Novice: 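First, the structure itself, so that you have it in front of you.
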Amino acid sequence: MSAASASGRWAWAEIDLAAVAHNVDVLRRTAAPAEVWAVVKADGYGHGAIAVARAARSAGCTGACVAFTAEGVALRQAGIDGPILVLSEQPASDAPAIVAAALTPTVSTITGVDALAAAGAVDLGVHVKVDTGMHRAGADPTDVLAVVEHIRRERRAVRLAGCFTHLAMADEPDDAFTQHQLDRFDDVLATLAAAGHDPPLVHAANSAGALAHPAARRGMVRAGIAVYGIAPGPSVDHLCRDLRPALSLRARVAAVRRVAAGERVSYGLHHTFPVATTLATVPIGYADGVRRGLWPGGELLVGGKRRPIVGVVTMDQLMVDCADDEVAPGDEVVLIGSQGGERITAADWARHLGTIAYEVTTGISARVPRHVVRTP
Ligand SMILES: *Cc1c(COP(=O)(O)O)cnc(C)c1O
């Protein structure tokens, strides 16, 4: 009996931690001598933050990154040691939780520094984030020195442990904006150096930066999507051939029926069968993250063959046209992953849905059980 059956649900995601370890290894070799910190925000891009953070740490990641305080606290409570960087400045009301869990906060403002001091921080390492052109988070380059000087004034509470920026166009290797951002970043670092500030860790690269822009690697890289074995985008696909996808999405056929030519299927009866066919019902739907946009045109794997989803995807179930194949309840179905010689990737879904693979895996909802496997 597989773990999947034991869960009681005939739909589950398998998380391959050996693939995570392999991908960390690839990234470490690519980025060396830079350190690799694993980005495990959004529950590890849908893979399970705690399991991935542990696996990444054993594979040589020296730190973890999260988006929000609560994500970092959950990792600490699960026993993840080492630095946990919260990637942007959090509300002042989070400062006590950041201090209590010994997270590594990002600061971009003087009030952010004050909040940590007021929360009782003692020699807490902080990273200063610089907005070099993405305009989402971080201090304006002209304000960075003032923030860093304030950190020095509050030196009993906080210590400058790092300085970083974030790239907006790293997944388009030919775009000049990445170099423009790195130039602005270097100007800021030069200003800090002239005032006697030397941040121990300097970083700029996400996965695409680490893979496609050697000049962005610096002291560490913040690798998210590549840790999960997924390319950051089609333009850097060729740099991701050694990565292995860590997530597969699987289910079992719940019901099989033979329908006659002219019958229709699912809500709205929008699909009419031109010939008699065998129809399988799969117990996974849009509330699990299998988006309605996957019909028409989306496929999944049954008996090692690509088979079309037919009719609208419903909240909890969808239907697949299996033609004249022998299909039985309990047969395994693959929505993302391999079966036989066939493979469907999160990037395939993303292309079909007009989105990115990040949204596909983070969109697999909490209702889908995650089962950790290790395939060597
Ligand atoms: C999400 C995020 C990353 C990781 O990006 P990937 O493209 O998944 O590697 C790195 N840095 C920051 C600031 C982020 O928000």
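Here the structure is a predicted model, which means the values were calculated and not measured. Just so you know, ligand 1 is whichever comes first in the structure, and atom 1 is the first atom listed for that ligand. The first residue of the sequence shown is numbered 1, and numbering continues consecutively from there.
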Novice: At less than 4.0 angstrom from any non-hydrogen atom of Ser207, what atoms of ligand 1 do you find?
Specialist: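 That gives atoms 6 (P), 9 (O) of ligand 1.
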Novice: Given Glu154, which of Val113, Val126, Leu116 fulfils the side-chain contact (heavy atoms from CB on, under 4.5 Å) condition?
Specialist: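 Result: among Val113, Val126, Leu116, Val113 is the only option passing the side-chain contact (heavy atoms from CB on, under 4.5 Å) with Glu154.
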Novice: Where does Val39 meet ligand 1, judged by heavy-atom distances below 4.0 Å: at the side chain, the backbone, both, or neither?
Specialist: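 It is the side chain that touches ligand 1; the backbone stays farther off.
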Novice: Heavy-atom contacts with Tyr45 under 4.0 Å: which atoms of ligand 1 show up? List them by number with element.
Specialist: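 Heavy-atom distances to Tyr45 below 4.0 Å select 1 (C), 4 (C), 5 (O), 6 (P), 8 (O).
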Novice: Can a donor-acceptor pair be found between the side chains of His135 and Asp131 at a distance below 3.5 Å?
Specialist: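 Yes, Asp131 and His135 have a side-chain donor paired with an acceptor closer than 3.5 Å.
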Novice: Please verify whether a non-hydrogen atom of Arg136 lies at under 4.0 Å from ligand 1.
Specialist: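 For ligand 1, residue contact (heavy atoms, under 4.0 Å) with Arg136 is present.
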Novice: Does any part of the side chain of Ile364, heavy atoms only, come nearer than 4.5 Å to the side chain of Leu247, both counted from C-beta?
Specialist: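 Side-chain contact under 4.5 Å: yes.
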Novice: Name the closest protein heavy atom to atom 14 (C) of ligand 1, giving the residue it belongs to and the distance to 0.1 Å.
Specialist: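 Here the closest protein heavy atom is Lys41 NZ, 3.0 Å.
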Novice: How far is atom 7 (O) of ligand 1 from its nearest protein heavy atom, and which residue and atom is that?
Specialist: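 Of every protein heavy atom, Tyr358 OH, 2.6 Å lies nearest to atom 7 (O) of ligand 1.
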Novice: Please lay out, stage by stage, how His271 and Phe273 fare under the test ring-ring contact (aromatic ring centres under 6.0 Å, His included).
Specialist: CA-CA 7 Å; His271 177 83; Phe273 298 101; 5.0 Å; yes
Novice: For ligand 1, find out whether one of its N or O atoms is nearer than 3.5 Å to an N or O atom of Ala208.
Specialist: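 No; every N/O pair is 3.5 Å or more apart.
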Novice: For Arg250 and Ser338, work out which heavy atoms get closest and say how close.
Specialist: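 In terms of heavy atoms, the two residues are closest at NH2-O, 3.7 Å.
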Novice: Among all protein non-hydrogen atoms, which one is nearest to atom 12 (C) of ligand 1, and what is the separation to 0.1 Å?
Specialist: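 Looking only at protein heavy atoms, the one closest to atom 12 (C) of ligand 1 is His166 CE1, 3.3 Å.
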Novice: Indicate whether the side chain of Arg222 and that of His166 have a donor and an acceptor atom separated by less than 3.5 Å.
Specialist: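 Their side chains do contain a donor-acceptor pair, which is all the 3.5 Å distance test asks for.
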Novice: Can you sort out which atoms of ligand 1 are near Arg222, meaning under 4.0 Å from one of its heavy atoms?
Specialist: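 Taking each heavy atom of Arg222 in turn, ligand 1 has 4 (C), 9 (O), 10 (C), 11 (N), 12 (C), 13 (C) under 4.0 Å.
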Novice: Looking just at side-chain N and O atoms, do Glu89 and Ser108 make a donor-acceptor pair shorter than 3.5 Å?
Specialist: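 There is no such pair between these side chains.
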